[in-house]
Trainee: 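The structure follows.
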Amino acid sequence: GLQRQRNSSDPAMDSTIGMLSSYLGRVYPGVVLGLVLLHVTPRERREFRMVVHMLLFVLLRDTMTPEGLWSLGGGGSLSIRFTEDLLLLWILGTASIGIIAASNRIDPELAACVLWRRKDREPATSLIVGTVAGLAIATPGLLMKMVSANTLVSQDGPSLARLGTVLYFSLAGNLYEEVLFRG
């Protein structure tokens, strides 16, 4: 029994590992080059170091398309379809947060340039304002999509697990982008 369990594999896990391995194999050379550039570039060259961080982000993001981790919707609608592999989305979202933390550790001079909140606001206020603004931006588009797809009454909509995972992945990836491009 135990030996048979060791030899059997979980197809979903194999798929996750396969997709992640393929993605990492594709970005590996560029990531190594970026890390080497960051290592050899003097800290005083902040602008160049920031450009390297931004190019690494673009590499990591844009490699997702050919790897099938997302696709742009067709049929007259502007949409992004994420992979069905929820574990992979959790891994990539968590990696985005890890990259932010690592970047802040590698480049504390650049991390000091990031404005996490206004000085006159408490952290909770900033979080509430950011959440309300995000909902205000997203709600009209989501409602239009739901009405046009008639998903307000459909029983076949996405699961709460999928919605939560896509939300986590999207917020974590967007945080990475915002820290770099607006920080």
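As a basis for the values below, the full set of heavy atoms in this structure was taken, side chains included, without hydrogen atoms, waters or symmetry mates.
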Trainee: Looking at side-chain heavy atoms only, is the closest gap between Leu55 and Leu37 below 4.5 Å?
Mentor: no
Trainee: For Leu59, does its backbone N or O pair with a side-chain atom of Thr63 as donor and acceptor, under 3.5 Å?
Mentor: yes
Trainee: Mind checking whether Thr83 and Met64 have side chains closer than 4.5 Å, heavy atoms only?
Mentor: no
Trainee: Under the side chain to side chain donor-acceptor pair (under 3.5 Å) rule, collect the residues that match up with Glu67, sequence neighbours excluded.
Mentor: Ser22, Arg26
Trainee: What residues, two or more places apart in sequence or in another chain, satisfy salt bridge (charged side-chain N to carboxylate O under 4.0 Å, His left out) together with Glu84?
Mentor: Arg162
Trainee: In the structure I gave you, are the side-chain heavy atoms of Tyr176 and Ile97 within less than 4.5 Å of one another anywhere?
Mentor: no
Trainee: In Å and rounded to the nearest 0.5 Å, what is the OG1 to CG distance from Thr165 to Leu92?
Mentor: 12.0 Å
Trainee: CG/Leu56 to CG/Leu180 distance, rounded to the nearest 0.5 angstrom?
Mentor: 9.0 Å
Trainee: At what distance, to the nearest 0.5 angstrom, does CE of Met50 lie from SG of Cys113?
Mentor: 8.5 Å
Trainee: Are Asp85 and Leu20 packed together at the side-chain level, in the sense that at least one heavy-atom pair is separated by less than 4.5 angstrom?
Mentor: no
Trainee: Under a 3.5 Å cutoff, is there a donor and acceptor pairing between the side chains of Thr65 and Trp70?
Mentor: yes
Trainee: Could you list the residues that satisfy ring-ring contact (aromatic ring centres under 6.0 Å, His included) with Tyr168, not counting sequence neighbours?
Mentor: Trp90
Trainee: Could you note down all residue pairs passing side-chain hydrogen bond (donor to acceptor under 3.5 Å, both in side chains) where residues 99-108 supplies at least one of them, sequence neighbours left out?
Mentor: Arg43-Asp107, Arg49-Asp107, His53-Asp107
Trainee: Hydrophobic clustering (ILVMFWY, side-chain heavy atoms < 4.5 Å, transitive) - are Val36 and Leu110 grouped together?
Mentor: no
Trainee: Report the distance from atom CD1 of Ile91 to atom OH of Tyr23, rounding to the nearest 0.5 Å.
Mentor: 12.5 Å
Trainee: In Å, rounded to the nearest 0.5 Å, how long is the span from CZ of Phe57 to CD1 of Ile100?
Mentor: 9.5 Å
Trainee: If I take atom OG1 from residue Thr16 and atom CG from residue Leu87, how far apart are they, to the nearest 0.5 angstrom?
Mentor: 4.5 Å
Trainee: Taking only residues two or more places apart in sequence, or in another chain, which ones meet Asp62 in a side chain to side chain donor-acceptor pair (under 3.5 Å)?
Mentor: none
Trainee: Is any side-chain heavy atom of Phe169 closer than 4.5 Å to one of Ser96?
Mentor: no
Trainee: What salt bridge (Lys or Arg N to Asp or Glu O under 4.0 Å) pairs are there with at least one residue in residues 31-42, not counting sequence neighbours?
Mentor: none
